[in-house]
Novice: 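Right, I'll just put the structure down here and ask away after.
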Amino acid sequence: MNIFAAKLNYDTTDETLQAAFEEFGEVDSAKVIMDKFTGRSKGFGFVEMSNDAEARNAINALNDSELDGRTIVVKVAEPKGDRPQRRERY
DNA sequence: ATTGAGCGA
């Protein structure tokens, strides 16, 4: 399950995010989106959890909770885009 | 408001 976490502290990094979610289950991967030009956090990130039950549990527990002093919002991630940008061509 | 980046054959 893909999880979206917003309103993160700019100090929050992948490790911080992953550590927080790991309290509730197996984290497949965690990533805080960083601005590639400034290198600063964009204030939100994504966490992937292989176990849906744990994922939902983590969302409930972490949503509206505090991380690095910031009250964050955690929810199921929305798909990046609907229609395929590129079609596979072989 | 609060939805990314990367990349092989």
Side-chain angles (χ1 to χ4, degrees):
Chain A
M1 167 157 269
N2 215 171
I3 301 166
F4 170 68
K7 306 185 79 158
L8 307 172
N9 186 305
Y10 290 139
D11 292 330
T12 301
T13 61
D14 298 10
E15 293 75 40
T16 313
L17 194 62
Q18 176 161 351
F21 281 81
E22 279 183 332
E23 305 293 325
F24 303 90
E26 182 182 318
V27 174
D28 189 60
S29 66
K31 176 198 256 174
V32 171
I33 305 307
M34 309 290 277
D35 185 284
K36 53 164 119 174
F37 294 102
T38 69
R40 299 294 142 69
S41 165
K42 290 175 95 167
F44 67 90
F46 296 88
V47 179
E48 287 182 52
M49 293 183 79
S50 47
N51 184 306
D52 280 40
E54 295 179 337
R56 269 171 279 198
N57 188 42
I59 291 175
N60 286 304
L62 294 170
N63 180 45
D64 202 49
S65 73
E66 222 175 83
L67 184 63
D68 283 338
R70 282 317 212 192
T71 298
I72 65 173
V73 176
V74 181
K75 63 202 300 188
V76 181
E78 294 172 0
K80 272 195 298 185
D82 267 294
R83 300 149 31 189
Q85 252 75 6
R86 288 159 34 200
R87 306 249 18 143
E88 299 95 300
R89 39 182 201 284
Y90 290 90

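Chain A is the first sequence line, chain B the second, and so forth, proteins listed ahead of strands; every chain is numbered from 1. Given the structure is predicted, the values throughout are model-derived calculations rather than measurements.
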Novice: For A:A6 and for A:M34, find the nucleotide of DNA chain B with the closest heavy atom, then tell me which residue's nucleotide is more 5'.
Specialist: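 Mapping each residue to its closest nucleotide by heavy atoms, the 5'-most match is A:A6.
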Novice: Once you round it to whole Å, what is the distance between P of B:dT2 and CG of A:L62?
Specialist: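 One finds 19 Å between P of B:dT2 and CG of A:L62, rounded.
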Novice: Roughly, in whole Å, what's the span from CZ in A:R70 to P in B:dT2?
Specialist: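 It works out to 12 Å between those atoms.
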Novice: Choosing from B:dG4, B:dG6, B:dT3, which nucleotide comes nearest the side chain of A:K36?
Specialist: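 From the listed options, B:dG6 comes nearest.
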Novice: B:dT3, OP1 or OP2 - any side-chain N/O from A:K42 closer than 4.0 Å?
Specialist: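 Answer no for this pair, as no side-chain N or O of A:K42 is under 4.0 Å from OP1 or OP2.
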Novice: Verify, without hydrogens or angle tests, whether A:D14 (side chain) and A:V32 (backbone) share a donor-acceptor contact under 3.5 angstrom.
Specialist: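 Flag set: sc A:D14 to bb A:V32 pair under 3.5 Å.
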Novice: Do any N or O atoms from the side chain of A:D68 and from the backbone of A:R70 form a donor-acceptor pair under 3.5 angstrom?
Specialist: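 Looks like no, no N/O pair under 3.5 Å.
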Novice: Provide, to the nearest angstrom, the distance between the NZ atom belonging to A:K31 and the P atom belonging to B:dT2.
Specialist: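 My rounded result for the distance is 20 Å.
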Novice: Rounded to whole angstrom units, what separation is found between the CG atom of A:L17 and the C1' atom of B:dT2?
Specialist: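 Value for this atom pair: 14 Å.
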Novice: Might you point out which heavy atoms bring A:I72 and A:K7 nearest each other, and give the distance in Å?
Specialist: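 In terms of heavy atoms, the two residues are closest at CG2-O, 3.7 Å.
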Novice: Quickly work out the A:E48 CD to B:dG6 C1' distance and round it to whole Å.
Specialist: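 That distance rounds to 13 Å.
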Novice: Tell me: CZ of A:F44 to P of B:dG4, nearest whole Å?
Specialist: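 Going from A:F44 (CZ) to B:dG4 (P), I get 5 Å.
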Novice: In whole Å, what is the span from the CG atom of A:D14 to the P atom of B:dA5?
Specialist: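 Distance check: A:D14 CG to B:dA5 P gives 13 Å.
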Novice: Examine distances only and state if a side-chain atom of A:E48 and a backbone atom of A:D28 form a donor-acceptor pair shorter than 3.5 Å.
Specialist: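 Such a contact is absent between A:E48 side chain and A:D28 backbone.
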Novice: With no hydrogens and no angle check, is any side-chain donor or acceptor of A:N57 less than 3.5 Å from a backbone partner on A:A53?
Specialist: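 Checked: no pair found.
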Novice: Side chain of A:I33: nearest nucleotide among B:dT2, B:dG4, B:dT3?
Specialist: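 The nucleotide sitting nearest to the side chain is B:dG4.
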Novice: What contact category does A:V47 fall into here, base, sugar-phosphate, or nothing, at under 4.0 angstrom with non-hydrogen atoms?
Specialist: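 A:V47: no heavy atom of the nucleic acid under 4.0 Å.
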Novice: A:D64 has an atom CG; how far is it from atom C1' of B:dT2, in whole Å?
Specialist: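 It works out to 14 Å between those atoms.
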Novice: Is the base of B:dA1 touched by the side chain of A:K7 through a donor-acceptor pair closer than 3.5 angstrom?
Specialist: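 For A:K7, whose side chain was compared with the base of B:dA1, there is no donor-acceptor pair (under 3.5 Å).
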